[in-house]
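All remarks here apply to the structure that follows.
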There are 2 protein chains.
Amino acid sequence: MELVRATNRSVRLRNRSALLSRIFLDGPLTRQDLVRGTGLSQPAVSNVVGDLIDEGLVMEAGAAESDGGRPSMMLRIVPRYAVVVGVDVGETRVRVELFDLAMTLLASVEYPLEDGGTEPATVAGHVLAGLDRVLADAKADRSEVLGVGIGVSGVVEQGTHAVVDAQTLGWDRVPLQRLIAEGTDLPLHIDNGAKTLGQAEMWFGAGRGARHAVFALVGSGVGAAVVTNGVTYRGASSSAGEWGHTTLVYGGRPCRCGARGCLEAYVGAEAIIDRYREARRGRAVPGEDEESQLAALVAAADRSETARRVLDETADYLGAGVANLINLFNPERVVLGGWAAMALADLLPAVREAAGRQALRLPYAQASIELGQLGVDAVALGAATLPIARLLATGGTRP
Amino acid sequence: MELVRATNRSVRLRNRSALLSRIFLDGPLTRQDLVRGTGLSQPAVSNVVGDLIDEGLVMEAGAAESDGGRPSMMLRIVPRYAVVVGVDVGETRVRVELFDLAMTLLASVEYPLEDGGTEPATVAGHVLAGLDRVLADAKADRSEVLGVGIGVSGVVEQGTHAVVDAQTLGWDRVPLQRLIAEGTDLPLHIDNGAKTLGQAEMWFGAGRGARHAVFALVGSGVGAAVVTNGVTYRGASSSAGEWGHTTLVYGGRPCRCGARGCLEAYVGAEAIIDRYREARRGRAVPGEDEESQLAALVAAADRSETARRVLDETADYLGAGVANLINLFNPERVVLGGWAAMALADLLPAVREAAGRQALRLPYAQASIELGQLGVDAVALGAATLPIARLLATGGTRP
DNA sequence: ACGGCTTAATTAATGTCGTCATTAAAATGG
DNA sequence: CCATTTTAATGACGACATTAATTAAGCCGT
């Protein structure tokens, strides 16, 4: 159904992209590995790799072990071919990180968002300030920057300029890309935070090797990223994967989105704590912020029947939500991430079991349900992969 | 992320596929239309089209209107280049239809499935008998058949040989493809009935022109087909889209799948009738079969408050289910099909409204919710498109 | 230490294919 | 009937991958 013309040049472009991607994602590799991995002929691989080396994207790095015969050279991405910036615009802070192409963290800086300090202009200012700051800290020049990726906890509508809806920040159709573009002309890539986290887990974490995976992000809010055939699923306007606001309990608890019975109204951190408080007949849950309150709930489970029950119910709800993802998307792997999911890691067996009760047998049997490997702060890392994904897709045709 | 090599031949293959697809889906078209539509140069189009004509896939059919200048020739698929068979294995019957490539119905035959007559071997027998029958009726030869597409109301696991799980037929891991392949060596394509219906609506009905669409099929059971970027979304083992068994009312009505609160347990025809009977305090709903019972419910809505309420609730549940699809898949279009949805066509405005209440604003605003255009019997038509989809994808490289 | 063997990488020859520029074909209209 | 216009077909050219043949660079045993 792809109605796009192919020309001889596109052959080279595609092969460049395939080889560069493999070297980046699975490298270091030898030319022979590439021959076997792609099905291209030796001369074709050598030819393209030669170009990549000439252009400074790829380097030879030592010889591989050999037991007889000329040893092959290892090929890897040149880490300092460019640097990339990853930004995590969360509900409580803006975090800016600088990486090289080996994904080594070169510098990072964080700006807390005080209550009410979530004005779009403020956030854009933090991003621009952070950009300057990490570049200065790492003694990197602006011209080295391949691009800036930004993960936002909200619905991001792609277009000429990305527009953000984020209830938790109080944002309504905020033209974030335009705001930031006023302060820099670096290439910007803005995406939903769950999607960038999914991208990070896909490349470097629990998603490695899967072609179809769903990344469920449970924090204060709840979201998901769906990867199909190795590509993040976006839908018509890039807002696919809004799992948190699917109806799980028809007519149930009111959700901050305005509807009732959303999954987020049951398994989002805020909702869990609310449910715990209600189970305690209104007594406040100890702790200053949601994270410590949730930790208090988990800690109380050993001695408190009430806490135990709230957690069990949480696992049931979460399992049912995961079952819905399995039924609809038929993934090989479901990866649970986000800080609340990490805090509730002990519930994993119960979640698996609950999902098994609600999902259809066949797709359930083919999906594994796991925890994310990259921890909580993978949103910025994933955001930083956005410019790299573009580099790989275009085969590194920058000029 | 596509790690498949490209070679010069693949350029031709791809362009053939693109041109052939356009001629089939949007034809008849002139060479100039193709030039404009694909971006290929005139000679390239002429060259490929020349091959297609030589091979008998495409024919020139009259000249286009012209006001000055040499008139261009219309190009269309040769309808009798091949014939295709579409089979609908439903819960109550097996229907076999024969089409030419213009999708003209050449012959059809139907075998009812009496109670208990749903043995896999029986069904396979019906398919093979139907195949012989339609070929004989249309005086077509076996060698003309491009392939046989089969839509089954159950979960179809693709592999070397497709395996079917169908609760309503009492099938558990039935190797349907192997059973049928024993009786014929024609190429077989087996898929879920909702997916084939979606394919039919996508090519010839309410899905035309959309890149991202969800087809919701409401009959006795409930299913969905998701099309992303013009391609049916299958997931890891082709069982994606099992919308009917997603949890909508946590802990709610028991579903025949064994779980509780599934969407199907509320808006499947059987469930609607059950709910109506319960609302009537157990009095049976008039009518011999589900179709007439549902019709009775719809007819009673004018005078019966109870019937009205059951229908209103149905619209609410269905709307919530549609909202979940919108939130998760972010489609441009949601198409409601299946016989029950058609019977409930008057509920469409109420469904739209209910979906609006439960879905997020942004994705809801971008999705239109419509009825299918092809009626109830599009499953076989869609199944017949499966071999054609293969023909188009390979550019018609059969030998 | 030196020839034989193996594996890696490059070079040369061949063929596919789309593009650009040009030419031939086929209508309309004054 | 010829100028004009638009469509289709040719031919020279260049981009690329492929196969086959070389060259490069290491092991191993005597």
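Being a predicted model, the structure only gives us computed values, none of them experimental.
With salt bridges taken as basic N to acidic carboxylate O contacts below 4.0 Å, one links Arg16(A) and Glu55(A). Between Arg76(B) and Glu60(B), none of the side-chain N atoms (NZ, or NE/NH1/NH2) sits under 4.0 Å from a carboxylate O, so this pair counts as no salt bridge. In summary, Asp51(B) and Arg12(B) engage in a salt bridge, as defined by a charged side-chain N under 4.0 Å from a carboxylate O.
Computed from coordinates, the Glu60(B) CD to dA26(C) P distance equals 11 Å when rounded to whole Å.
A donor-acceptor pair under 3.5 Å is absent between the side-chain atoms of Thr30(B) and the main chain of Met74(B), judged by distance alone. With Tyr233(B) contributing its side chain and Phe329(A) its backbone, the two residues share a donor-acceptor pair below 3.5 Å. With hydrogens and angles disregarded, a donor-acceptor distance shorter than 3.5 Å links the side chain of Asp100(A) to the backbone of Ala102(A). Of the possible polar contacts, one joining the Glu201(B) side chain to the Gln373(B) backbone as a donor-acceptor pair under 3.5 Å is found.
For the OP1/OP2 pair of dG18(C) and a distance below 4.0 Å, the side-chain nitrogens and oxygens of Thr7(A) include no atom meeting the criterion. Contact annotation: Asn15(B) side-chain N/O to dC17(C) OP1/OP2 distance is not under 4.0 Å.
Side-chain polar atoms of Gln366(B) and Ser237(A) form a donor-acceptor pair below 3.5 angstrom.
Overall, the helix from dA1(C)-dT30(D) to dG30(C)-dC1(D) carries an axis bend of 10° between its ends, with five pairs at each end and the value rounded to 10°.
Here the side chains of Leu98(B) and Leu105(B) are not in contact, with every heavy-atom distance at 4.5 Å or above. A 4.5 Å side-chain heavy-atom check between Asn15(A) and Leu40(A) finds at least one atom pair inside the cut-off.
Where Asn47(A) and Val11(B) meet DNA chain C, the nucleotide closest to each residue was compared, and Asn47(A) sits on the side nearer the 5' end.
For DNA chain D, the contact window with chain B, defined by any atom under 4.0 Å from a protein heavy atom, covers dT5(D) to dT18(D) in 5' to 3' order.
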Which atoms of nucleotides 3-8 of chain C (N or O only) lie under 3.5 Å from a protein N or O atom, and what are those distances?
{"from": "dT6(C)", "atom 1": "O2", "to": "Gly69(A)", "atom 2": "N", "distance (Å)": "3.3"}
{"from": "dT7(C)", "atom 1": "O2", "to": "Arg70(A)", "atom 2": "N", "distance (Å)": "2.9"}
{"from": "dA8(C)", "atom 1": "O4'", "to": "Arg70(A)", "atom 2": "O", "distance (Å)": "3.2"}
{"from": "dA8(C)", "atom 1": "N3", "to": "Arg70(A)", "atom 2": "NH1", "distance (Å)": "3.4"}

Between protein and nucleotides 13-16 of chain C, what N or O pairs are separated by less than 3.5 Å?
{"from": "dG15(C)", "atom 1": "N2", "to": "Asn8(B)", "atom 2": "ND2", "distance (Å)": "3.0"}
{"from": "dT16(C)", "atom 1": "O2", "to": "Asn8(B)", "atom 2": "ND2", "distance (Å)": "3.1"}

Which donor-acceptor pairs under 3.5 Å do side chains of residues 184-191 of chain B form with protein atoms, sequence neighbours excluded?
{"from": "Thr184(B)", "atom 1": "OG1", "to": "Leu186(B)", "atom 2": "N", "distance (Å)": "3.2"}
{"from": "Asp191(B)", "atom 1": "OD1", "to": "Arg234(B)", "atom 2": "NH2", "distance (Å)": "2.9"}
{"from": "Asp191(B)", "atom 1": "OD2", "to": "Arg234(B)", "atom 2": "NH2", "distance (Å)": "2.2"}

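Residues Ile23(B) and Leu75(B) approach most closely at CG2-O, 3.9 Å, considering heavy atoms.
Residue pairs meeting the ring-ring contact (aromatic ring centres under 6.0 Å, His included) criterion with at least one member in residues 15-56 of chain B, sequence neighbours excluded: Phe24(B)-Trp203(B).
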